[in-house]
Protein chains: 2
Amino acid sequence: MNMNHSDDQRDQMDNETSDLSKARLRAWLQILKVSRKIEGELREKMRIEFGSTLPRFDVLAALYRERDGMRMSELSKSLMVSNGNVTGIVDRLVSEGLLVRVPVENDRRASIVRLTEAGEKDFAERALVHEAWVSELFSDLSARDADGLIRILRTISHHNEAPHD
Amino acid sequence: MNMNHSDDQRDQMDNETSDLSKARLRAWLQILKVSRKIEGELREKMRIEFGSTLPRFDVLAALYRERDGMRMSELSKSLMVSNGNVTGIVDRLVSEGLLVRVPVENDRRASIVRLTEAGEKDFAERALVHEAWVSELFSDLSARDADGLIRILRTISHHNEAPHD
DNA sequence: TAGAGATATTTCAAACTCAAAATATTTATG
DNA sequence: CATAAATATTTTGAGTTTGAAATATCTCTA
């Protein structure tokens, strides 16, 4: 049996399961905890202040960034939720008059979803309030820590990038 | 035009608020992105490998840490989900034979939920696999960054601790 | 001790979510 | 051109989630 350097593969693996992997698990549980807590706070504020929901806000936000509209598939990919999920939320937003579905030239399967004027106006106002809520909920987060947080989280999300495309 | 922003006191507050609050918003969106991505991966693995779901796993995990069982209200508080939500998940886990509801002495309103032997056994096995999945998904996260992440996230969750109690 | 208020849990309706199946349409292949 | 495969979306059924209302029980106080 061929054992080499002090940090050899076998020991490293064992340490990893007992130490590093536990640290990573703790990190994940902490991410989950914060994200649930913040989501809960924002959901409540959305409901009380806007009479709306987080998923609807997310859809509006995505479409506000893409003013020419997006296909349903682009929308669901960008929000990382299923296609069928987006269908229902868009349906409700359309019936509220905030979105429209526009047929796509040369492809009758697809449709583009876009903000209406009312949707644009509504979202523009709400986005500012939303940003203020988040800033308040994160008020103990310094600029330095915000950057550190983003950097670390990016290393995680890059590793889990969809392998295709 | 010769403007020096850092010397402009009137603008400083506005700039600071706007920059810092945007950084915090970006941090929040990144948390959301990672947590959705990881949750999606774990959900799929749970479904395929265990034929189960994330919420069920979360309930089992909470009860595995409290071997004497928890009240429904403690459970929902610990998982940060509504009471009614836990009822449904516990119902299913009871019907799968992994949990039991035990009446509470001197309080017929309440009941204690506990793992059955089967539930304990099942979870113990699955927890190891789950930890390995997380460690793999977080494999770009060094011990140092894991600690940094946890520290930063704790400052956020402490600020948003429930004010009551 | 009667009954008002508090507490623990469940039930309920609506919304969200997923994965898989169904539908409609387009593209590619023979 | 016919039609098989691919693509875009919706529908479906089951599960999760919420917030509010309902139910059951307990506690406190007059």
Side-chain angles (χ1 to χ4, degrees), chain A residues 32 35-37 39-60 69-96 99 101-113 164-165, chain B residues 32 35-37 39-60 69-96 99 101-113 164-165:
Chain A
L32 214 46
S35 109
R36 282 195 190 172
K37 206 163 257 184
E39 275 201 278
E41 299 282 351
L42 292 177
R43 182 190 308 113
E44 187 180 5
K45 287 176 193 293
M46 288 269 168
R47 180 175 53 82
I48 293 173
E49 306 288 332
F50 296 162
S52 189
T53 69
L54 230 34
R56 289 176 207 205
F57 185 83
D58 290 344
V59 166
L60 296 177
M70 299 171 87
R71 291 183 174 215
M72 294 298 286
S73 44
E74 294 174 319
L75 202 44
S76 66
K77 190 173 177 182
S78 128
L79 299 174
M80 292 187 292
V81 299
S82 68
N83 258 331
N85 186 356
V86 174
T87 297
I89 294 165
V90 167
D91 283 350
R92 285 170 209 115
L93 288 169
V94 166
S95 74
E96 288 172 18
L99 299 185
R101 277 184 230 250
V102 184
V104 171
E105 199 78 8
N106 296 329
D107 190 346
R108 282 177 300 175
R109 295 169 301 181
S111 60
I112 295 277
V113 188
H164 45 280
D165 283 290
Chain B
L32 214 45
S35 105
R36 281 195 191 172
K37 206 163 255 183
E39 274 202 277
E41 299 282 352
L42 291 177
R43 182 191 306 113
E44 187 180 6
K45 287 177 193 293
M46 288 269 169
R47 180 176 53 82
I48 293 172
E49 306 288 334
F50 295 162
S52 189
T53 69
L54 230 35
R56 291 174 208 206
F57 186 83
D58 290 343
V59 166
L60 295 177
M70 299 171 86
R71 291 183 173 213
M72 294 298 286
S73 46
E74 294 174 320
L75 202 44
S76 67
K77 190 174 178 182
S78 130
L79 299 174
M80 290 187 293
V81 298
S82 68
N83 259 330
N85 185 355
V86 173
T87 296
I89 295 164
V90 166
D91 283 350
R92 287 175 204 108
L93 287 170
V94 166
S95 75
E96 288 172 19
L99 297 186
R101 276 184 230 250
V102 184
V104 170
E105 198 78 6
N106 297 329
D107 191 345
R108 281 177 299 175
R109 293 169 304 179
S111 60
I112 295 277
V113 188
H164 44 281
D165 283 290

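Chain identifiers are assigned alphabetically (A, B, ...) following the order of the sequence lines, protein sequences preceding nucleic acid strands; residue numbering begins at 1 within each chain.
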* **Quiz item: A/R109 side-chain donor-acceptor pair to D/dT7 base, under 3.5 Å** =>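 It does, because a donor-acceptor pair links the side chain of A/R109 to the base of D/dT7 below 3.5 Å.
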Could you give the [atom1]-to-[atom2] distance, from [X] to [N], as a whole number of Å?
X      : N      : atom1 : atom2 : value
A/K77  : D/dT9  : NZ    : P     : 13 Å
A/N83  : C/dA22 : CG    : C1'   : 14 Å
A/D58  : C/dT17 : CG    : C1'   : 13 Å
B/E41  : C/dA19 : CD    : P     : 11 Å
B/R43  : C/dC18 : CZ    : P     : 5 Å
B/E39  : C/dC16 : CD    : C1'   : 14 Å
B/I112 : C/dA8  : CD1   : P     : 12 Å
B/N106 : D/dT25 : CG    : C1'   : 13 Å

* **Residue mapping more 5' on DNA chain D - nearest nucleotide basis, B/N85 or A/A110** =>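 First, find each residue's nearest nucleotide; the 5'-ward one identifies A/A110.
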* First of A/R47 and B/T53 reached from the 5' end of DNA chain D, by closest nucleotide ->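 The residue whose closest nucleotide sits nearer the 5' end is B/T53.
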Under 4.0 Å, heavy atoms only, any strand: does [X] hit a base, just the sugar-phosphate, or nothing?
X      : answer
B/S82  : base
A/R36  : nothing
A/D107 : sugar-phosphate

* 5'-most contact on DNA chain C: B/E44 or B/T87, nearest heavy atom basis? -> B/T87
When you compare the side chain of [Y] with that of [X], does any pair of heavy atoms fall below 4.5 Å?
X      : Y      : answer
B/M72  : B/I112 : no
A/D107 : A/R71  : yes
B/M70  : B/S78  : yes
A/E39  : B/L32  : yes
B/L93  : B/V113 : no
A/E96  : A/R56  : yes

* Which ones in residues 88-95 of chain B lie close to DNA chain C, meaning a heavy atom under 4.0 Å from one of its atoms? -> none
So, does [X] get its side chain near the phosphate of [N], meaning an N or O under 4.0 Å from OP1 or OP2?
X      : N      : result
A/S73  : D/dT9  : yes
B/R108 : D/dC26 : yes
B/R101 : C/dT10 : yes
B/R56  : D/dT16 : yes

* To do: List the atom of B/I89, the atom of B/P55, and the distance in Å for their closest heavy-atom pair.
  =>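 Distance-wise, the nearest heavy atoms are CD1-CB, 3.7 Å.
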Report all side-chain donor-acceptor pairs from residues 79-88 of chain B shorter than 3.5 Å, counting only partners two or more places apart or in another chain.
residue, atom, partner, partner atom, Å
B/S82, OG, B/N85, N, 3.3
B/N83, OD1, B/S76, OG, 3.0
B/T87, OG1, B/N83, O, 3.4

